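Positions are given from 1 along the sequence. Indexing begins at 1, ligand by ligand and atom by atom, following the structure's order. As the structure is a prediction and not an experimental result, all values here were calculated from the model.
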Amino acid sequence: MKKKVAIVTGASGQDGAYLIKLLLKKNYKVVAALRRNSNINTSRLTSLGLEHVTSNFSKAEIELTEFTNCANLISKLKPSEFYNLAAQSFVKTSFDQPIYTTHVNSLGVLNCLESIRNFSPKTKFYQASTSEMYGNPINKIMNEKTEFAPISPYAVSKLYSYHMTKLYRQAYNLFCVNGILFNHESPFRGQEFVTQKIITSLVKIKKNKQKFLLLGNLDSYRDWGHAKDYVDAMWLMMQQKKPSDYVISTGKTYTIRDFVNRSSKYLKMNIAWKGSGLNEIGYDTRTNKEIIKINKQFYRPAEVNYLRGDPTKAKKELKWRPKYNLDSLIADMCDAALEKY
Ligand code: NDP
Ligand code: GDP
């Protein structure tokens, strides 16, 4: 039987690396779509053994904002599945770079959809949508029917693509799905995101390689899962008879402070808190040394205070079964950081 071909954009990112590994295990021919950089960042792929081109694995250049580039790649390969994971993915940066964020996260997605519609209408399309699109709804648990009220340029740009993906499904009968993924982390998570920042800093502090960890708002809640589990869900969505949108989450939520406490416990560090607001500090109870400080620079102009997703539809229809919980996620990230530093 002819092998399925999949294109994965955002191949140098956290999810791209895990998804490519999964697709290769499932016997796909995978094309890792990377943008040209002065310093091509393929360290995640390399650490999974995906360095060299093989009969099943190759690399292609993609710049999402360039229609010609998307159209040429799609019309040439006519892949069975196209996973669009590329994005300016950091919420905080989207406040400083709203126009760039919109170019990539909105128009970039439209470039892919138009290329599929015109040149390869049988290609199935996955769009990396996000729980950030909910903003701060009244509901305390969010599902596929919860109203969206985005409060960052990132979330607004992703909501545009969410709707376009749905529209191309409805108007042109294309197989297009949105994975509405809640935060997911792993040893491959970017250094700017709070989980990786906390774990990397605590490990460095433990090893006397860093003095302080500076954080912003400790009181927001996030529903954190493991990226390895979440790429399973992406693939499952693409194997359904009918395309649909799915929330992928754990159903549990914790504050940033909880995440610090659980990570420090795993690392056998004893942290206690005192003070409040910008004057709050976290200190080592054995040495009394301040190790965590709050810094205004890490606050956002608008904050999503509480995220908790209801994955019932994915569990029922996709039979998605995540393997990690928050503590095993933290253990995986801490072990990787302990080895690295
Ligand atoms: P990363 O930030 O790790 O990866 C983003 C990828 O997009 C990188 O490979 C980056 O390439 C690529 N990229 C950025 N701009 C362009 C562009 N103009 N053209 C082509 N490629 C580009 O993200 P994650 O792996 O964590 O997330 C994957 C997707 O899922 C993203 O779309 C994200 O917004 C979304 N998402 C993520 C969640 C999470 O918790 N991780 C939650 C919900 C949604 P380069 O290396 O060159 O910068
Ligand atoms: P996001 O949910 O996609 O924005 O993922 P992040 O990991 O960037 O942020 C998660 C939450 O942590 C947000 O509510 C941030 O305000 C909060 N946070 C607190 N301190 C920090 C920090 O120093 N860096 C980041 N990235 N987030 C922080």
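- Of all the heavy atoms of Glu132, none lies under 4.0 Å from any atom of ligand 1, so neither backbone nor side chain is involved.
- For atom 44 (C) of ligand 1, the nearest non-hydrogen atom of the protein is Ser129 O, 3.4 Å.
- The option with the heavy atom closest to atom 36 (N) of ligand 1, from among Tyr18, Phe193, Tyr154, is Tyr154.
- Because its NZ or CZ atom is not both nearer than 6.0 Å to the ring centre of Tyr341 and within 45° of the ring axis, Lys209 does not count as a cation-pi partner of that residue.
- Phe119 and Phe67 have tilted rings, their planes meeting at an angle from 30° to 60° on a 0 to 90° scale.
- Put simply, the side chain of Thr255 never gets that close to the backbone of Asp219: no donor and acceptor are under 3.5 Å apart.
- The side chain of Asn37, and not its backbone, has at least one atom closer than 4.0 Å to an atom of ligand 1 (non-hydrogen atoms only; side chain from C-beta on).
- Looking at atom 17 (C) of ligand 1, its nearest protein heavy atom turns out to be Glu63 OE2, 3.7 Å.
- In terms of protein heavy-atom proximity, atom 37 (C) of ligand 1 is nearest to His184 CE1, 3.8 Å.
- The single protein non-hydrogen atom nearest to atom 47 (O) of ligand 1 is Arg35 NE, 2.8 Å, given as residue, atom name and distance.
- In this structure, the side chain of Lys124 does not engage the main chain of Gln239 through any donor-acceptor pair within 3.5 Å.
- Counting heavy atoms closer than 4.0 Å to ligand 1, residue Asp15 contributes atoms from both its backbone and its side chain.
- If you check which protein heavy atom lies closest to atom 10 (C) of ligand 1, you get Ser12 OG, 4.0 Å.
- Relative to the ring axis of Phe188, Lys228 does not place its NZ or CZ within 45° and under 6.0 Å from the centre.
- Heavy atoms of Val104 found under 4.0 angstrom from ligand 1 belong exclusively to the side chain.
- Looking only at heavy atoms of the protein, atom 1 (P) of ligand 1 is closest to Ser89 OG, 3.7 Å.
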Validation: residues 132-139 side-chain donor-acceptor distances under 3.5 Å, sequence neighbours left out:
from   : atom 1 : to     : atom 2 : distance (Å)
Tyr134 : OH     : Asn143 : O      : 2.8
Asn136 : OD1    : Asn305 : N      : 2.8
Asn136 : ND2    : Glu303 : O      : 2.8

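- Formation of a donor-acceptor pair under 3.5 Å by the Lys3 side chain with backbone atoms of Asn56 is not found in this model.
- Contacts of ligand 2 (protein heavy-atom distance under 4.0 Å) are Phe90, Val91, Glu132, Asn183, Glu192, Phe193, Val194, Lys197, Leu214, Leu215, Gly216, Asn217, Ser220, Arg222, Ile256, Phe298, Arg300, Glu303.
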